[in-house]
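These notes concern the structure reproduced below.
One-based numbering along the sequence shown. The model shown is predicted, which means the values in this text are computed figures rather than measured ones.
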Amino acid sequence: MGDRISGLPDPLLLHILSFLQTKDAVSTSRVSKRWRHLWRSLPKLHFDDRSFPSVKFFVQFVDAALLLVRLDSVQMFVLKCERFSVPQVKANVWVNALANYKLTYLELHFRRQVIRLPSSLFVCNTVSILKLTGFGVVNLSTVDLPSLKVLHLKDVKFSNSECMSRLLSNCLHLEELVLKGSLISDEVSFQDRLSFYSWAKHIARFEQLLFADVPAYIFPMNVFSNVQFMRLREMLWYTRDDIPTFHNLIHLQIDNFSCIDWSIVRLLQGFPKLQSLIIYKYGDYDLGDECLMKISTPGVPPCVSSHLKGFAYFGFKGRKLEFDILEYIMKNATVLRTVIVGRADTCERNDFEMLKQLSSYPRCSANCRLLYDILKKSIEEARRNCLTIRKL
């Protein structure tokens with residue numbers, strides 16, 4: 001049959017090699033003369049220290065690869081330091097080596113340490129996707145990222161509010177924003193932490209943002225009122241009085257929801273097109289049953305009566321209020337397809353009795369199915385349903 005793969009054109013071979021880690025792509029140079037120098041024109045470089053026996057071999061390999069590869073052909077750069085602590089100077093050299101070229105995708109992960117980012121990283125006309133984990137940002141004077149559409153920051157610690165404000169205020173074309181982990185440097189005093197978030201009140205609305213995964217305690221909600229998909233963490237709905245109308249929102253996920261009451265249903269009035277709602281309730285705080293009569297049942301929100309297709313509630317403890325809200329959703333949601341209920345680890349009530357009670361509730365939608373999850377396997381199904389809606 002012969003070597004048919006080697007007969008493929010270079011662009012196609014390079015595209016195939018771009019799915020491999022750079023270490024594996026380099027090893028193909030031993031296949032034949034046809035492959036010897038092919039890897040040097042890779043459009044994507046992917047380095048992962050978990051594939052190396054020591055930090056010494058890892059650093060030497062990255063250094064050699066960056067010297068031999070044609071940097072002007074590199075469009076995507078992924079660096080994952082999950083296992084070893086890489087010297088700060090090396091990290092800066094690697095980032096600076098690529099910052100002056102036409103990168104469109106840049107992903108940097110540092111788990112073992114906090115690396116201070118070089119300022120050159122934030123002055124790049126071509127980067128459209130930027131994902132950073134484990135970095136410190138100090139004295140950010142200039143930001144020029146006109147092509148940036150996707151920004152992920154995880155455990156990226158800012159030394160002051162001006163740095164973070166300057167970064168986000170200059171990302172005018174963002175379509176996806178993810179902020180996870182601590183955003184404040186450990187060196188910031190308690191008093192400064194109190195004023196750290198005051199700048200967020202003045203940040204402009206992200207006009208082109210479609211997806212937001214953010215801690216709810218930092219930003220005013222009107223900043224994200226244009227999104228279609230939103231995930232909020234550490235959310236206390238009843239403490240927020242700045243919830244605007246989200247005219248485009250079709251999926252909402254709330255994590256670390258400390259308690260649930262009728263306010264969650266009333267707030268659905270602000271999401272008229274919502275199709276999917278997932279709530280992860282953590283903690284043991286609950287409203288006592290004696291307080292239930294003081295909270296009146298709200299009118300049916302437009303999204304419940306016309307659009308809601310999926311509702312998932314994890315952390316179910318079998319309280320009367322929880323049953324009432326679930327009954328309310330199933331009774332009034334006309335196009336509801338799936339209701340997923342995941343029991344809390346601390347729940348002491350009998351699962352069969354709770355499932356029996358939930359199953360007895362009338363359902364407005366004939367196509368509605370109820371999934372009672374004991375082992376929390378339905379979390380993945382809930383996520384798959386959300387991804388399906390997102391693709392639509």
Side-chain angles (χ1 to χ4, degrees), residues 1-84 86 90-111 115 118 120-121 123-134 145-152 154 173 175-176 178 211 387 390-391:
M1 296 292 293
D3 184 3
R4 301 177 63 182
I5 294 180
S6 295
L8 297 174
D10 284 359
L12 182 54
L13 289 176
L14 289 169
H15 178 70
I16 295 172
L17 291 179
S18 68
F19 289 94
L20 304 175
Q21 288 190 34
T22 303
K23 179 182 179 182
D24 297 323
V26 171
S27 66
T28 63
S29 62
R30 293 174 290 190
V31 172
S32 66
K33 291 183 179 179
R34 170 78 167 79
W35 293 75
R36 183 171 297 171
H37 301 294
L38 186 64
W39 70 271
R40 297 188 180 187
S41 299
L42 279 170
K44 177 182 177 180
L45 297 180
H46 184 173
F47 303 103
D48 191 330
D49 67 351
R50 291 171 295 184
S51 301
F52 293 82
S54 68
V55 65
K56 178 182 178 181
F57 284 112
F58 176 67
V59 170
Q60 288 178 345
F61 181 83
V62 177
D63 281 341
L66 293 180
L67 284 173
L68 295 173
V69 76
R70 288 180 54 198
L71 293 179
D72 58 348
S73 69
V74 179
Q75 300 174 13
M76 305 174 67
F77 182 71
V78 179
L79 176 65
K80 295 185 177 182
C81 299
E82 310 269 353
R83 184 180 177 188
F84 305 119
V86 174
K90 283 297 181 184
N92 287 350
V93 168
W94 296 340
V95 172
N96 286 326
L98 290 151
N100 295 325
Y101 291 90
K102 296 182 179 180
L103 282 179
T104 59
Y105 182 104
L106 181 58
E107 184 175 350
L108 306 173
H109 294 262
F110 288 85
R111 297 284 186 184
I115 295 290
S120 60
L121 182 64
V123 182
C124 185
N125 293 329
T126 57
V127 168
S128 61
I129 299 176
L130 179 60
K131 299 180 180 181
L132 305 174
T133 299
L145 299 168
S147 302
L148 192 65
K149 294 184 177 181
V150 177
L151 177 63
H152 291 197
K154 184 174 182 180
H173 304 294
E175 297 178 3
E176 179 173 316
V178 177
F211 178 89
L387 289 175
R390 186 176 177 185
K391 290 177 182 177

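The minimum heavy-atom distance linking Ser41 with Leu14 is given by the pair O-CD1, 3.6 Å. Nearest approach of Pro146 to His173, heavy atoms of both residues: O-CD2, 3.1 Å. The shortest heavy-atom contact between Pro53 and Arg83 is O-NH2, 3.8 Å.
The distance from atom CG of Asp10 to atom CZ of Arg34, rounded to the nearest 0.5 Å, is 4.5 Å. Taking CG from Leu148 and CD from Glu176, the interatomic distance works out to 10.5 Å, rounded to the nearest 0.5 Å. The line from CZ of Arg50 to SG of Cys81 is 10.5 Å long, rounded to the nearest 0.5 Å. Atom CD of residue Gln75 and atom NZ of residue Lys102 lie 10.0 Å apart, to the nearest 0.5 angstrom. Taking CG of Leu121 as the start and CG of Asn92 as the end, the distance is 10.0 Å to the nearest 0.5 Å. Taking OG from Ser128 and CG from Leu103, the interatomic distance works out to 10.0 Å, rounded to the nearest 0.5 Å.
Shown are Val69, Leu79, Val78; of these, the side-chain contact (heavy atoms from CB on, under 4.5 Å) with Leu45 is made only by Val69.
Side-chain atoms of Val62 and Trp94, non-hydrogen and from C-beta on, do get closer than 4.5 Å to each other. In this structure the side chain of Phe110 never reaches within 4.5 angstrom of the side chain of Leu132, judged on heavy atoms. Residues Leu38 and Thr28 fail the side-chain proximity criterion, which asks for heavy atoms closer than 4.5 Å. Side-chain contact between Ser18 and Met76 is absent, with no heavy-atom pair separated by less than 4.5 Å. Under the 4.5 Å side-chain criterion, counting only non-hydrogen atoms from C-beta, Asp24 is not in contact with Trp39. Side-chain contact between Val95 and Phe77: absent, with no pair of heavy atoms (C-beta onward) separated by less than 4.5 Å. For the pair Val86 and Phe58, the minimum side-chain heavy-atom distance is below 4.5 Å. Residues Leu145 and Cys124 have side chains in contact (heavy-atom distance under 4.5 Å, counting atoms from C-beta outward).
Heavy-atom neighbours of Tyr105 OH from other residues, nucleotides or ligands within 6.0 Å: above the threshold of 12. Residue-environment remark: NZ (Lys131) exceeds the threshold of 12 foreign heavy atoms within 6.0 Å.
A distance-only check finds no donor-acceptor pair linking the side chain of Thr104 to the backbone of Thr126 [under 3.5 Å]. Proximity of a side-chain donor or acceptor of Thr22 to a complementary backbone N or O of His46 within less than 3.5 Å is detected.
Lys23 has no carboxylate O lying under 4.0 Å from a charged side-chain N of Asp49, or vice versa, which leaves the two without a salt bridge.
Centroid-to-centroid, the aromatic rings of Phe52 and Phe61 come within less than 6.0 Å.
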- Trace of the side chain to side chain donor-acceptor pair (under 3.5 Å) decision for Glu107 with His109: CA-CA 7 Å; Glu107 184 175 350; His109 294 262; 2.8 Å; yes
